[in-house]
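Only one structure is covered here, and it is reproduced in the block below.
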Amino acid sequence: MHWEGFSIAEAAQMTDVTPSTARSRYAAARATLAARLKPARPPVAVVSSS
């Protein structure tokens, strides 16, 4: 959708689903992507000894 510049309504029409379903699937996909891109554990802070 983003790569091609389609709106959610256009993507819904192309995939033969309702705009509401397309919005729900889009939100779920974004949440999944965000969770997978999140680091597995917090980064370790480096403390300098000055």
Side-chain angles (χ1 to χ4, degrees):
M1 191 175 93
H2 287 288
W3 284 285
E4 300 296 333
F6 295 120
S7 69
I8 291 177
E10 291 168 325
Q13 187 176 21
M14 286 184 274
T15 56
D16 199 29
V17 297
T18 65
S20 176
T21 298
R23 274 190 295 280
S24 296
R25 291 178 182 176
Y26 177 68
R30 284 186 54 166
T32 299
L33 179 62
R36 290 186 180 179
L37 291 177
K38 192 181 293 186
R41 56 190 163 118
V44 177
V46 178
V47 179
S48 66
S49 55
S50 305

Using the test ring-ring contact (aromatic ring centres under 6.0 Å, His included), find all partners of Tyr26 that sit at least two apart in sequence or belong to another chain. His2

Return a table of donor-acceptor pairs under 3.5 angstrom between the side chains of residues 8-23 and protein atoms on other chains or two or more places apart.
unit_1 : atom_1 : unit_2 : atom_2 : d
Glu10  : OE1    : Ser7   : N      : 2.7
Glu10  : OE1    : Ser7   : OG     : 3.4
Thr15  : OG1    : Ala11  : O      : 2.8
Thr15  : OG1    : Ala12  : O      : 3.4
Thr18  : OG1    : Thr21  : N      : 3.1
Thr18  : OG1    : Thr21  : OG1    : 2.9

Joining Ile, Leu, Val, Met, Phe, Trp and Tyr whenever any side-chain heavy atoms lie under 4.5 Å apart, the cluster holding Trp3 also takes in none

